[in-house]
Amino acid sequence: MLIADYVIVGAGLAGIPLAVRLSENPNVTVTVLEAGGDKFHDVNLDTPAYILNNLGDPNKDWSFFSAPQAHLGGRSLYLPRGKGIGGSSLLHYMEVNRASVVEYNALGQLVSPDWSWNNLLSYFRKSETFTYSKQEVQEYGFQFDKLYQGTKGPVQRTIPRWIDQIAQPWIKTLKLMGIQYDADANDGGLTGAWLSTHTIDRHSVRSSAASASAYYEPNQSRANLKVITGAHAARVLTSTTKGTDAVVATGVEFLKDGTQQTIQANKEVILCAGSYQTPQLLELSGIGDPDVLSKFDIPVVVDLPGVGKNLQVSSEHVTVPYTAKLTPGHTTWENLTDPSFAKEQEDLYKTAGGGMLSTVPSTFAFLPFKDFDQDGTIARSINSLTLPNTTSIAVQKQWVHEAGVAFLELNAFDRFIPGLTVTKPEPNTNYMSTFVILLHPFSRGSVHIASRDPTAPPNIDVNMLEHDTDIAILVRGYRIVRELARAGPLKDHIASEVSPGEQVQTDEELAEYIRKTAGTTYHPVATVSMLPRNLGGCVDAELKVYGTANLRVVDASIFPFQMSGHPQATLYAVVEKIADVIKSENRK
């Protein structure tokens, strides 16, 4: 039988960094079970601009799909999740921004002060090395305070080496509309328009959790660190100790090469399988809602009804596209269809780490209610909504009135996005698009097992756009994007709207378009929430599963509500914090 002190399930953005931190102690052994493979370098993974080439690759992506969505005309949504060493850090768009102070402090108030902004800041810094030049700061108007920056951490963060031609006029136009420029989207004040920094190293290579510029690759030869790939976790093995109510996790049963195998955990089992597969594994192990478990004749080990509930895309961010045709003379992604231009950009990237291939979309605006609901119509409507009486909903209602919490995200970039009627770009034409993104949906979904077979995908019901308030916020977002395209410096760059199209004008028409096109930005959270148990929580402030002595969850499923920022920076901070907690317990 295999044996380790710490058995971690999932070698992704949380699992691999946690394994590396725990194995810093040479007196403990750490084994990571990863269902995917061991490849975390190739041209598509390393080259920032080739991000879309990784989505749907069966060697890198689980490619889940949601259940048919009742409020989207029965559509099922594509829900990618990273597969292999590095997990979703191999798939995501490398954007780095922390959520607002208000959001982290809400976590601190609900769970423990240890999770507030001031107590997390040191872990944000510990996880990263942020490098930039004075020239870059001056050119793009950044204002950085070293208080918020890491200088010795594993993950590399940089300023984009290339910014598209739409970014500056887009931001300048927003300023004229009263949306101020945010000179640092990582200082806890995440509202306004800004240019993103990225997890891309100084050589313009993706800095994933696995890569040479981050956690795993520099440390993979440690004698006490082992990663078993092709190992699909089937269930957590448990036992009970006489005289106590706590269940002890004794190991993990997993499938590899067609055989069932077991690994024993001397200290802890730690689940880092993500917001879809962590609740699935808990339920397969008898930890969850008895009503769910009984349908599959799984004996109840821990009665924990909150497992798999509270999914927000409804734990993910809801996104819908807007696309416009640009006036002649622009250089955008469409130019890469010209072989000579593409070769020029490839050479520039290979020789100097610059050009279009060196980066990803960088232009954002995060808007609180005061910036899109000036008359208060939507805010008032929320009071009349029939919503679940849950902690996360109550917090969201408070945030409606917080000027420091964004509910709408606008993400602009230099390329065509297919719409309902126009699905392909015209030849020799340049485009810009903007994703309109709902950051804090009021709709809630769920993730539960669909079978006792651990290799079968779970049933994921994101329950997107159940509430009309979610639609109303997105409609306001479209109104702002259209106003942007017709105002200030940006209007001189716009030739015509492509999607939704001039035929879509009324709120009702926009709402219909949204229901037909809405997707997600792939940020699922909250299915194993960190909350008090009596409020539907599944893990405590140290991320131990309630009712167990030594089973933890360390991934995005523990956030009880969606954070407005893209989640990777927060996840790295969570890992750094919990690694210190576990090490401290081990020393006792």
(request) List the steps and the verdict of ring pair (Phe, Tyr, Trp, His ring centres under 6.0 Å) for Tyr349 and Tyr50. (result) CA-CA 12 Å; Tyr349 178 71; Tyr50 292 162; 7.7 Å; no
Atom pairs and distances, side-chain donor-acceptor, residues 355-366, under 3.5 Å, sequence neighbours left out:
unit_1, atom_1, unit_2, atom_2, d
Ser358, OG, Gly355, O, 2.7
Thr359, OG1, His198, ND1, 3.4
Ser362, OG, Val360, O, 2.9

ask   = Should we say atom CD of Gln135 is surrounded by more than 12 heavy atoms from elsewhere, each under 6.0 Å from it?
value = no
**Asked** What orientation do Tyr78 and Phe65 show, parallel under 30°, tilted 30 to 60°, or perpendicular over 60°?
**Response** tilted
Self-check item: Between Thr278 and Asp555: side-chain donor-acceptor atoms closer than 3.5 Å
Solution: yes
(message) Can a side-chain donor-acceptor contact be found between Tyr93 and Thr521 if the only test is distance below 3.5 angstrom?
(response) no
Quiz item: Do NZ/NE/NH1/NH2 and the carboxylate oxygens of Asp42 and Lys60 come within less than 4.0 Å?
Solution: yes
task = Verify the ring-centre separation between Tyr513 and Tyr322: is it less than 6.0 angstrom?
result = no
- Is there a donor-acceptor pair under 3.5 Å between the side chain of Tyr216 and the backbone N or O of Val20? no
**Message:** Would you say that Val436 contacts Leu410 through its side chain, given a criterion of any heavy-atom pair below 4.5 Å between the two side chains?
**Reply:** yes
inquiry  = Can you confirm whether more than 12 heavy atoms, excluding those of Asp492, are under 6.0 Å from its CG atom?
reply    = yes
Would you call the rings of His232 and Trp62 parallel, tilted or perpendicular, taking 30° and 60° as the class edges? perpendicular
Correct closest heavy-atom pair for Gln168 and Glu139 would be NE2-O, 4.5 Å
| task | State, without any angle test, whether Ser557 and Ser275 hold a side-chain donor-acceptor pair at a distance under 3.5 Å. | result | no
Geometric class of the Phe413/Phe435 ring pair [parallel <30°, tilted 30-60°, perpendicular >60°]: tilted
Exercise. Ignoring hydrogens and geometry, is there a side-chain-to-backbone donor-acceptor pair from Glu128 to Gly153 under 3.5 Å?
Worked result: no
message = Please verify the inter-ring angle class for Tyr431 with Phe416; under 30° counts as parallel, over 60° as perpendicular, anything in between as tilted.
response = perpendicular
Residues passing the ring pair (Phe, Tyr, Trp, His ring centres under 6.0 Å) test with Trp170, sequence neighbours excluded, are none
Ring-ring centroid check Tyr132 Phe144, cutoff 6.0 Å:
yes
Would you tell me whether His203 and Gln156 have side-chain atoms, one donor and one acceptor, within less than 3.5 Å of each other? no
